[in-house]
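All values below were derived from every heavy atom in this structure, side-chain atoms included, with hydrogens, water molecules and symmetry-related copies excluded. Keep in mind the model is a prediction, meaning the values are calculated, not measured.
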Protein chains: 2
Amino acid sequence: MNGVGATKRLADTTLISQAVQSRLKSDILDGQFTPGSKLGTAMLQERYDSSVGTLREALSHLLSEGLVEMSAGRGYRVAPVSRADLLDVSALYIELEERAVVDSVRHGDAEWETEIVASFHRLSRIEALPREERIRRSSEWLACHRAFHLALVAACRSRWVLRVRAGLYDHMERYRLISQKHRPLSIHKRREHELLRDAALGRQAEEVGTLLRRHLAETTDTVLRYAPQFMPEPGEPGSD
Amino acid sequence: MNGVGATKRLADTTLISQAVQSRLKSDILDGQFTPGSKLGTAMLQERYDSSVGTLREALSHLLSEGLVEMSAGRGYRVAPVSRADLLDVSALYIELEERAVVDSVRHGDAEWETEIVASFHRLSRIEALPREERIRRSSEWLACHRAFHLALVAACRSRWVLRVRAGLYDHMERYRLISQKHRPLSIHKRREHELLRDAALGRQAEEVGTLLRRHLAETTDTVLRYAPQFMPEPGEPGSD
DNA sequence: TCTTCTTTGACTTTCGAAAGTTGAGGGGCC
DNA sequence: GGCCCCTCAACTTTCGAAAGTCAAAGAAGA
């Protein structure tokens, strides 16, 4: 059965093309593909077990998220990374995240509070695990960390700020993961997350904004410091 | 010839899928499709004379730009419009545009200046035409107006600010065009554009930023005032 | 007459093959 | 020996048909 295929579903209500897109995105963020490397259809077809058309649709979507690049007639490549791009992404991301969280704290309801408490708890549980276990389940940590930060800003009333922020989060995560390969192990900022949670629940909007800005700026600094390819070049000015 | 088709090109180095995407986008911005209406493949196939796969690729791209929406298994629809969405898009767009132009004025070079002068001139030429002619060539006016505003911010060093701004510009243009159907004729702001040009060439960064912010805010006000569907609803607060 | 089940038709989604393009390597010419 | 052209294989891009799904219309029962 299912000879030529059509609308076959994997899990719940996800389409194949969405599943492929999601997996491909994870693999790019994860550093499974070297930045700048070619994404040939033959290779992808084998890796994700789907047809050219489906792959193309996924790639097309990732293209406008900025995770892959395309040149007409020459196929797709993984978007390159650079120190300049990291600084650029980071600056805009921090600004939008701060703006979103301030609005979110001011307008969040009871359900919003609950989700913050819940997602923080989930994150803590994973971070409390023994080192070995934590490494094995690192993708789970990623999801929880993402969920916690999303919960903080979830009540922001601007759909557009949230949308753009979401795209930038992906790029930030990619940089974090790339740099993580050159570090001992991620320095989990349990204490900072806790402060964020408490200030959010205490409705101290400005305070949360400041904490978050500092939290993110430190993250970017860490990435810059540990990944050799993001070291400032001799001739270039740092960030001025 | 060209029986089953493959990589056939239209103009220069444009792919069919890009051409279709571009035309579809224009038609959506233009209001050729009612917001919220269905984008069935059969209809699109006839309209743009291309295959399902190609259309799907174009739609997929427009999906992540936010111009169309998709529900799994039920196809694509034109993204709806609303007063709330307009206010949201507008607020973020104005902020990014101002930020971009300030940085642009501070770092633009000679070539940047030239492009501003040139694009302003092109825009003026069209606006100086007799009414009839201007209406007939309204798509040309759109392109020139877009080019002028792009020229102003082109020297902004943040690729990401420019990228996000570009997406938001499309949505703003859509709202402008929708409201234009309910107005006598677009009130061209020749004088304001001239002031923008001169302040930019005079390198008065803050001044340009303020002018631009006001210019855009007025545009949004005009859209809100003239399109009946964007009037504030009785029970709802305006924008607080 | 209203509800529910069934059937059917239109539609979305997926696939694999066909057509055309790119760029590299080998052979010929200056 | 170096440069240019031609050929060819690998690849991208496009297409149309096949498989599966959704929802509306019609029929049967209460």
Side-chain angles (χ1 to χ4, degrees), chain A residues 1-25 28 33-34 36-64 67-79, chain B residues 1-25 28 33-34 36-64 67-79:
Chain A
M1 68 185 67
N2 207 325
V4 159
T7 324
K8 67 181 164 191
R9 300 205 165 160
L10 291 194
D12 278 33
T13 54
T14 358
L15 298 163
I16 276 211
S17 62
Q18 287 178 346
V20 168
Q21 184 189 315
S22 170
R23 282 207 286 156
L24 181 52
K25 182 166 160 179
I28 289 175
F33 302 108
T34 314
S37 65
K38 193 155 173 28
L39 291 171
T41 45
M43 181 264 285
L44 293 176
Q45 238 171 309
E46 177 154 11
R47 201 180 213 277
Y48 299 109
D49 187 35
S50 63
S51 75
V52 194
T54 309
L55 256 325
R56 214 137 213 293
E57 206 172 308
L59 284 167
S60 169
H61 206 150
L62 261 37
L63 177 64
S64 43
L67 286 170
V68 307
E69 293 185 344
M70 176 190 129
S71 40
R74 292 172 49 180
Y76 293 86
R77 316 186 77 82
V78 180
Chain B
M1 68 184 68
N2 206 325
V4 159
T7 323
K8 66 182 167 191
R9 300 206 161 162
L10 292 193
D12 278 34
T13 55
T14 357
L15 267 47
I16 276 210
S17 62
Q18 286 179 345
V20 168
Q21 184 190 317
S22 169
R23 283 206 288 155
L24 182 51
K25 181 165 162 180
I28 290 175
F33 302 108
T34 315
S37 65
K38 191 154 175 30
L39 292 171
T41 45
M43 180 264 286
L44 294 175
Q45 238 171 310
E46 177 153 13
R47 201 181 212 277
Y48 299 108
D49 188 34
S50 62
S51 75
V52 195
T54 309
L55 282 184
R56 213 135 213 294
E57 206 172 309
L59 284 167
S60 170
H61 206 154
L62 261 37
L63 176 65
S64 44
L67 287 169
V68 307
E69 293 184 345
M70 174 190 131
S71 40
R74 292 172 52 182
Y76 292 86
R77 314 186 78 81
V78 180

field: Verdict with reasoning, A:Thr34 to A:Val78, per side chain to side chain contact (heavy atoms under 4.5 Å, CB included)
entry: CA-CA 7 Å; A:Thr34 314; A:Val78 180; over 6 Å; no
query: C:dT14 C1' sits how many Å from B:Glu57 CD, rounded?
result: 14 Å
query: For the pair made of CD in B:Glu46 and C1' in D:dC15, what is the distance, rounded to whole Å?
result: 17 Å
message: What's the closest nucleotide to the side chain of B:Val52 if the choices are D:dT12, C:dA17, D:dA17?
response: D:dA17
- request: Using whole Å, report how far CG of B:Leu44 lies from C1' of C:dT12.
  value: 13 Å
Distance in angstrom units between A:Tyr76 OH and D:dC11 P, rounded: 17 Å
message: For the backbone of A:Gly36 and the side chain of A:Arg77, can you confirm whether one donor and one acceptor N or O come within less than 3.5 Å of each other?
response: yes
Any A:Thr41 side-chain nitrogen or oxygen under 4.0 Å from OP1 or OP2 of D:dT12: yes
task: Quickly work out the B:Leu15 CG to C:dT22 C1' distance and round it to whole Å.
output: 13 Å
query: Can you tell me how far the CG atom of B:Leu55 sits from the CG atom of B:Leu39, to the nearest 0.5 Å?
result: 10.0 Å
field: Phosphate-side-chain proximity, B:Thr54 and D:dC15, N/O vs OP1/OP2 below 4.0 Å
entry: yes
- prompt: Between B:Lys38 and C:dC11, is there a side-chain N or O to OP1/OP2 distance below 4.0 Å?
  reply: no
- request: Calculate the interatomic distance between A:Gln21 atom CD and C:dT13 atom C1'; express it in whole Å.
  value: 15 Å
field: Toward the 5' end of DNA chain C, by each residue's nearest nucleotide, B:Arg56 or A:Gly53
entry: B:Arg56
query: Nearest-Å distance, CG (B:Leu55) to P (D:dC15)?
result: 9 Å
- request: Would you tell me if any nitrogen or oxygen in the side chain of B:Ser17 comes within less than 4.0 Å of OP1 or OP2 on D:dT14?
  value: yes
query: Bend across the helix from C:dT1-D:dA30 to C:dC30-D:dG1, to 10°, with axes taken over 5 pairs at each end?
result: 10°
query: Is any side-chain N or O of B:Arg74 closer than 4.0 Å to OP1 or OP2 of D:dA23?
result: yes
task: Check the distance between D:dT12's C1' and B:Ile16's CD1 and give it to me in whole angstrom.
output: 13 Å
- prompt: Is there a side chain to side chain contact (heavy atoms under 4.5 Å, CB included) between A:Leu15 and A:Val20 once you walk through the steps?
  reply: CA-CA 9 Å; A:Leu15 298 163; A:Val20 168; over 6 Å; no
- line: Residue pair A:Gln45/B:Ser71 against DNA chain C: nearer the 5' end by closest nucleotide is B:Ser71
task: Carefully, step by step, assess B:Phe33 and B:Leu24 under the rule side chain to side chain contact (heavy atoms under 4.5 Å, CB included).
output: CA-CA 10 Å; B:Phe33 302 108; B:Leu24 182 51; 3.8 Å; yes
message: Less than 4.5 Å apart, side chain to side chain, heavy atoms only: is that true for B:Leu44 and B:Val52?
response: no
- request: Could you check B:Met70 against A:Gln18 for side chain to side chain contact (heavy atoms under 4.5 Å, CB included), going step by step and ending with a plain yes or no?
  value: CA-CA 12 Å; B:Met70 174 190 131; A:Gln18 287 178 346; 3.3 Å; yes
